[in-house]
Structure formats: C-alpha cells, structure tokens
Amino acid sequence: MINPVKSATEELKKLIGAALEKIAAESGADASALPKFTVEIPADKSHGDFATNAALASAKALRSNPRKIAEGITANISLEGTSFEKVEIAGPGFINFFLSKSWFGNVVTDILNESTRYGRTDTGAGKKILLEFVSANPTGPMHVGNARGGALGDCLASVLDYAGYNVCREFYINDAGNQVNKFGKSLDLRYMQLNDPANAEFVKSFGTDTEALCHAVYDDTERFPMPDDVYLGVDIITHAKNFTDINGDKYYSVSEEERRAALVDYALPINIKNLELDLGKYRIIYDNWFHESTLHNDGSVQRIIEKLKASGYTYEQEGALWFRSTELGDDKDRVLVRANGVPTYFVPDIAYHYNKLAERNFDTAIDILGADHHGYIPRMKAAMKALGVDENRLDMVIMQMVMLIDKDGNPIKLSKRSGKAITLVTLLEDIPIDAARFFFNLREANSQFEFDLDLAIEQSSQNPVYYVQYAHARICSIIRNMRGKGIFADESKADLTLLTAPEEIELIRALAVLPNTVDMAARDYDPSKITRYAIDLATLFHKFYDKCHIMGEAEELMQARLMLCTAVKTVLKNVLDMLKVNCPDKM
RNA sequence: GCGCCAUUAACUCAGCUGGAUAGAGUAACUGCCUUCUAAGCAGUAAGCCGCUGGUUCGAAUCCAGCAUGGCGCGCCA
C-alpha cells in the first residue's frame with residue numbers, strides 16, 4: 001500500500017526523534033520525559049510541506065527556549081538521502097521541512113503504478129465490520145431520511161473497505177412485532193372496506209383502474225374512516241386491492257386472525273422485495289438481509305432473556321421483567337418483558353446485536369441511527385456489557401434529520417397522513433442518483449441540514465458532483481485529442497522534475513493526500529471527507545488546466561504533464577468509484 | 001426538569017482532534033473563450049469563530065457556566 005504522506009511523515013518523525021534524543025542526552029535531560037510532538041501539513045504553503053512543533057513541545061522538558069532547541073534539532077539532522085531538501089526554523093520555534101522534487105515525481109509514478117489500488121490502505125488490517133444501515137420498516141415506503149442514511153451507509157462501507165476493513169453491509173428487517181401487527185390491522189381494515197357489500201357499487205365503478213380507486217378510497221374519509229393507530233398510506237389500500245383481485249372476498253368471513261395473517265403473508269414479502277429494488281436503484285447492494293423473525297423462531301430472543309437474567313442485571317416489578325441498565329451507564333432501567341408476557345422491541349434488538357458480535361464474531365458492529373434514536377445508544381451498550389461483550393465493539397453513527405424546505409424556507413411536513421410524504425423513490429425520480437449520493441454525503445452525518453427541494457432539483461446541473469465529473473471528462477478529452485493527433489503517453493520521455501509550477505505542486509500534494517484522507521474518513525466514520533476531497537482535487541485540477549498547457553509543450557514537459565493528468569484521472573475515478581458515482585469520459 | 005447534538009462571512013458548510021495572518025462553495029460586483037471542454041479560471045467585497053470565564057508558550061479547537069435552536073426522555077419501535 002502506497003501512502004506518500006505517511007511515509008514522509010514517519011521518516012521525518014524518526015529524524016526529529018533521533019535529534020531530540022541526542023540533544024536530551026547532551027544536556028543531561030531525561031529523554032523518556034520528552035512529550036509527544038506532531039508533524040503536520042501547514043495550512044500556509046510558505047511554511048513548507050511539513051512542520052513540527054517538536055521544539056515548542058519540548059521546551060519545558062529540556063528547560064530551554066524553543067528557538068534554541070529548534071536550532072539544535074536542525075543541526076542534528078542531515079537531509080541527505082531523505083525525501084526532504086530544505087529545513088528552516090520559523091516563528092516561535094516551528095521547524096518547517098520542504099520536500100524534494102523527486103518526492104513529487106515519485107507520487108505521480110506511484111499512482112500510475114498503483115492505478116485502481118491507489119487510495120487503499122491497510123489500516124483496518126482486515127478486521128471484520130458489520131455495518132447496518134437504513135433498516136427501514138417493511139410496512140411502508142422509504143422516506144427522505146432513508147435516502148440520506150442509504151447514501152451515508154453505503155459510502156461509509158466503501159470508505160472502510162478502502163481503509164482495509166472487511167465490511168459487510170446489512171439490512172435488518174423488522175418483520176415481527178408490533179409494527180407488523182399494525183401493518184396487518186391496517187391491511188385488514190382496508191380489505192374489509194373494499195369487500196364490504198355496501199361499497200360494492202363504488203368499488204366496481206372504477207373497473208380495473210386500481211390506482212384511481214385507491215386514491216379515491218384514500219381521499220374519501222367519510223365512506224372509508226380509519227382509526228388513528230393504523231397506517232393510512234395509499235400503499236396499504238393498494239395491497240388490499242391487489243390481494244382482493246387475487247383472492248376475491250373469500251377472506252371476508254374468516255376469522256380476523258386468519259385474514260390478517262394471510263394479508264401480511266401476501267404484502268410483507270412484496271414490500272421487502274420493493275425495498276431491495278428501490279435501494280438497488282440507488283446502487284445499494286446489501287451483503288445480507290437479516291430477518292428479525294429468525295431471532296424469534298430460533299429461540300434467540302428467549303435465550304437472551306435467560307442470559308440477561310443469569311447476568312444478574314434484571315429484576316421483576318409489577319409483573320414485568322426489567323433490565324437494570326442504570327448500573328451500566330444508562331439513565332434509566334428498561335422493560336424487557338411486559339406484564340402481558342410479550343417482550344419489548346428491545347429484546348430482539350439485543351439478540352440481534354449479540355448475534356452480530358458474539359455469534360457471528362464481527363470485530364465491530366456499526367449502526368447508523370437517526371438522531372431521534374440517540375437515546376438508544378447507552379441502553380444497547382449496557383446490554384452488551386451485561387452479556388459480557390465489550391461495548392466498545394459497538395459503534396453508533398448518529399445521523400441528523402433531513403429537513404425539507406420549500407423555496408420560501410417553509411418546512412415541508414412529512415406527515416404520512418397528508419399523503420404528500422416524499423418517498424425515496426419520488427426523490428430519486430427528481431434528483432439524479434449521482435447527485436443524490438454525492439449531495440447526501442457533502443456534510444457530516446451529525447450535522448442537521450435543511451435542503452431546499454426545489455433548489456436541489458432545479459440546480460442539479462450545478463451540484464458539486466458535476467464539477468468533479470467535469471474535471472475527469474476534461475482529462476479524458478485531452479487524452480482523446482492527443483491521440484487524435486498521434487501523440488501517445490511515453491513515460492520514458494517524461495521528465496517529472498519539470499513539474500514545478502505552483503499549480504502542479506499543489507495538485508500533486510492533493511494527490512498524495514488521498515490515502516491519509518481515506519484513513520481519516522474511516523477513523524471518523526465520515527464519508528463527507530471523501531466528497532470534499534473530490535471537490536478539492538477537482539478545483540486544483542481546473543486551476544492547473546487553466547494555467548498549464550499540455551499539447552504544444554516541449555516533449556519532456558508534455559509527457560510529464562500527461563502523466564500528471566493521468567494520475568489525476570486515476571484518483572478521481574477511484575474516489576468516485578468509492579462513492580459509487582459515475583465517472584463520465586464526456587460531458 | 002434531565003440528557004444528546006449543534007452555534008464559524010448574507011446563506012450552506014470546512015477547519016487535519018491545541019499551532020503561525022480562520023478557509024471553501026453559493027449569492028453580489030469586475031475581468032478572461034480565433035490554441036487541450038467557460039459545467040471552467042482569476043479578482044473584489046464579506047468575520048466579536050453564540051456569550052463569559054478558566055486551562056498554557058499558544059484556544060474556533062480542551063474545561064465550566066450561560067444563551068439560542070434541533071432531537072430525545074413509553075410496559076411505542
């Protein structure tokens with residue numbers, strides 16, 4: 001794995017560390033008492049390619065002033081044979097290092113050699129991560145929040161993969177419990193309405209136009225009243241109608257229990273299939289779809305209750321079984337089994353996480369959660385602790401809500417009752433997939449963002465994603481034009497030391513930083529660092545393009561710039577691949 | 001009331017986990033297409049980094065308190 005910045009940083013740390021030890025020894029100070037120092041890339045380019053605060057940080061331990069220490073350090077460092085060609089002391093005692101020309105040239109050749117592998121690191125060391133995201137309820141269509149969660153989760157999985165982790169993308173299907181009961185009840189009510197003899201004429205008047213009928217039923221709350229505790233969406237009516245088309249009214253007179261079961265057995269698999277299809281259109285392919293029902297069927301839920309009881313962290317009160325989570329860092333105790341004997345949702349969830357970490361042995365499990373579920377973190381960690389699983393192996397990424405606003409800045413209500421809820425599907429009909437995936441990863445998960453839906457649709461052509469794609473298309477165009485004139489890449493004729501224009505140096509620096517950026521994005525579970533990297537790189541390329549010509553330059557320079565362009569093209573491609581965003585050759 | 005998260009340019013956001021003169025993109029204004037894609041580039045203007053203290057060589061960054069906003073605090077999921 002090639003990481004030019006990391007190699008240079010480590011090289012520098014060794015040089016500085018050795019010099020410091022020498023100074024400490026000479027002055028009789030204790031070398032082990034020296035504090036840690038940092039090596040970083042300064043914001044201001046005039047401060048060199050790398051800077052260290054070693055002299056400032058060690059001032060106390062060495063009982064000397066920083067500038068003097070800095071002089072000592074530089075006097076004890078020989079740059080010969082290193083990646084650096086110049087060192088200087090600046091400000092209160094910073095030491096600035098300047099990379100040699102050959103280092104920049106090597107970055108370009110390294111990238112061309114590494115090709116599609118460039119950007120990958122081995123930081124994760126193959127550790128197994130289970131990343132669960134979206135996990136929308138299969139009782140209805142996905143909404144805008146799922147669009148963000150999907151883009152975030154899928155790109156995070158890619159980032160972790162690039163950082164050397166072994167990632168499994170998983171969708172947890174809540175196909176059991178109260179949600180499903182409510183789903184059955186909703187379907188049942190609609191089925192009964194549609195098959196009520198009193199409504200026969202009305203239903204018949206729509207003929208085969210199911211969609212019109214469903215909307216008419218939806219709007220006619222007088223004729224088709226619905227209680228509060230059921231799903232009201234049109235999709236429920238559509239299921240009931242389609243079920244009726246297949247089975248007629250033969251379930252009209254059977255027991256409610258039998259009818260509900262039949263309706264759920266019919267509609268739930270369809271919904272699950274649709275989730276898979278819709279997410280697939282969004283370029284999200286899961287490695288595994290985990291059914292909650294399996295945890296009930298194979299006894300896991302019951303076993304978890306026994307395990308928790310055995311842990312000693314449970315007690316009974318008012319007929320219910322409680323989890324003493326307060327003692328494990330939660331702010332209150334939680335009910336595990338209700339007085340009526342039915343476990344709360346919490347128990348299968350514990351069983352699920354236990355399954356991930358203790359039974360399937362993932363090193364780490366990551367959940368992407370909506371901010372409204374943040375209170376769930378301490379209780380799940382508490383449960384893992386009680387079960388003897390290291391709670392640090394469970395990580396939660398909190399994703400703030402997406403607030404849709406209209407042109408006037410008024411929030412668009414996502415009420416299901418209004419029937420105007422914006423689904424993931426309709427959103428993706430309006431916004432190109434590339435733009436949506438990129439857009440939703442422009443900001444950190446934990447920043448809530450409002451977005452103007454009208455603007456997102458209207459301005460899709462000025463979305464940053466096009467800016468990045470344009471850079472790639474431009475490079476492809478250059479290469480095409482050169483080929484058209486019979487000019488081909490020939491590395492043996494290139495002289496990379498000619499790449500000295502500020503635009504070229506900046507561009508190479510940005511190329512070099514990709515593996516570090518991947519590591520940081522993985523460390524912070526933050527794919528937005530990658531989208532911003534892509535934008536930064538595109539910016540630097542556009543600047544380079546404006547300033548530096550390729551065709552028409554002397555052979556050695558032309559070939560060197562062509563290599564640089566190819567390296568940029570490679571990196572843009574790798575980065576957009578990571579985000580699963582298209583990378584067009586022409587725009 | 002308690003907890004979590006936020007607060008940086010007119011707007012949307014970065015700021016590499018404590019470093020040097022706080023940065024981008026939008027929007028506004030001004031330039032640049034007879035040579036590789038103007039979906040581009042260059043420039044101008046715009047800041048009490050929410051407020052007040054503390055920690056130290058050094059704070060947008062760490063700590064405490066306060067203010068404002070969002071979200072949670074069910075034998076719902």
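Residue numbering restarts at 1 for every chain, and letters A, B, ... go by the order of the sequence lines. All values reported here derive from a predicted model rather than from experimental measurement.
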Options [options], nucleotide nearest the side-chain atoms of [X]:
X	options	result
A:V335	B:C36, B:C75, B:A38	B:C75
A:K543	B:A20, B:C41, B:A14	B:C41
A:E318	B:G40, B:C75, B:A39	B:C75
A:T344	B:G19, B:C75, B:C36	B:C75
A:N53	B:C71, B:A39, B:G19	B:G19
A:N137	B:C36, B:G3, B:A77	B:A77
A:R474	B:A20, B:G72, B:A38	B:A38
A:A51	B:A20, B:U37, B:A77	B:A20
A:H47	B:C36, B:A20, B:A77	B:A20

Using a heavy-atom cut-off of under 4.0 Å over every strand shown, decide if [X] touches base, sugar-phosphate, or nothing.
X	result
A:D333	nothing
A:N65	nothing
A:R379	base
A:M587	base
A:D229	nothing
A:L442	nothing
A:Q317	base

Using the aromatic ring of [X] (for Trp, its six-membered ring), decide whether it stacks on the base of [N] within the limits of 5.5 Å and 30°.
X	N	result
A:F94	B:A20	yes
A:H542	B:C41	no
A:H373	B:G72	no

Using 30° and 60° as the class boundaries, would you call the ring planes of A:W289 and A:F171 parallel, tilted or perpendicular?
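A:W289 and A:F171: parallel rings.
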
Rounded to whole Å, how long is the line connecting atom [atom1] of [X] with atom [atom2] of [N]?
X	N	atom1	atom2	answer
A:Q400	B:U12	CD	P	15 Å
A:N340	B:C76	CG	C1'	13 Å
A:R443	B:A14	CZ	P	8 Å
A:E40	B:U17	CD	P	7 Å
A:D349	B:A77	CG	C1'	8 Å
A:E444	B:U17	CD	C1'	12 Å
A:Y533	B:A24	OH	P	18 Å
A:E316	B:C75	CD	P	16 Å

Rounded to whole angstrom, note down the C1' distance from B:G70 over to B:A59.
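Roughly 27 Å separates the two C1' atoms.
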
Could you measure between the two C1' atoms, the one in B:A27 and the one in B:C16, and give it in whole Å?
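Each nucleotide's C1' atom is 29 Å from the other's.
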
Does a distance-only test, which skips hydrogens and angles, find a donor-acceptor pair under 3.5 Å between the side chain of A:D546 and the base of B:A38?
no

Distance-only donor-acceptor test (3.5 Å): side chain A:Y345, base B:A77:
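In this structure, the two groups form a donor-acceptor pair.
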
A:F541 ring center near A:H472 ring center (under 6.0 Å)
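No, the ring of A:F541 stays outside the 6.0 Å limit from the ring of A:H472, centre to centre.
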
Is it true that a side-chain atom of A:H374 and a backbone atom of A:G370 form a donor plus acceptor pair closer than 3.5 Å?
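It does not hold such a pair.
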
Please answer whether the main-chain N or O of A:V39 pairs with a side-chain N or O of A:T52 as donor and acceptor at a distance below 3.5 Å.
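No.
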
Position toward the 5' end of RNA chain B (nearest nucleotide), A:A339 or A:S447:
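It is A:S447, whose closest nucleotide lies nearer the 5' terminus.
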
Could you check A:N481 against A:R338 and say which one's nearest nucleotide on RNA chain B is further toward the 5' end?
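Mapping each residue to its closest nucleotide by heavy atoms, the 5'-most match is A:N481.
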
A:L321 vs A:I305 side-chain heavy atoms within contact, under 4.5 Å
yes

How about A:D333 and A:Y315: does a side-chain donor come under 3.5 Å of a side-chain acceptor?
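Result is yes, a qualifying pair exists.
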
Paired with B:C41: which nucleotide, if any, by Watson-Crick or G-U wobble criteria at under 3.5 Å for both distances?
B:G31

Complement of B:A6, any strand, by Watson-Crick or G-U distances under 3.5 angstrom:
B:U68

For B:C33, measure the glycosidic angle (O4'-C1'-N9-C4 for a purine, O4'-C1'-N1-C2 for a pyrimidine) and name it syn if it falls within 90° of 0, otherwise anti.
syn

If you draw a 6.0 Å radius around NZ in A:K547, do more than 12 non-hydrogen atoms from other residues or ligands fall strictly inside?
no

Show your working on salt bridge (charged side-chain N to carboxylate O under 4.0 Å, His left out) between A:K529 and A:E444 and close with a plain yes or no.
CA-CA 8 Å; A:K529 288 189 163 55; A:E444 280 176 39; 5.3 Å; no

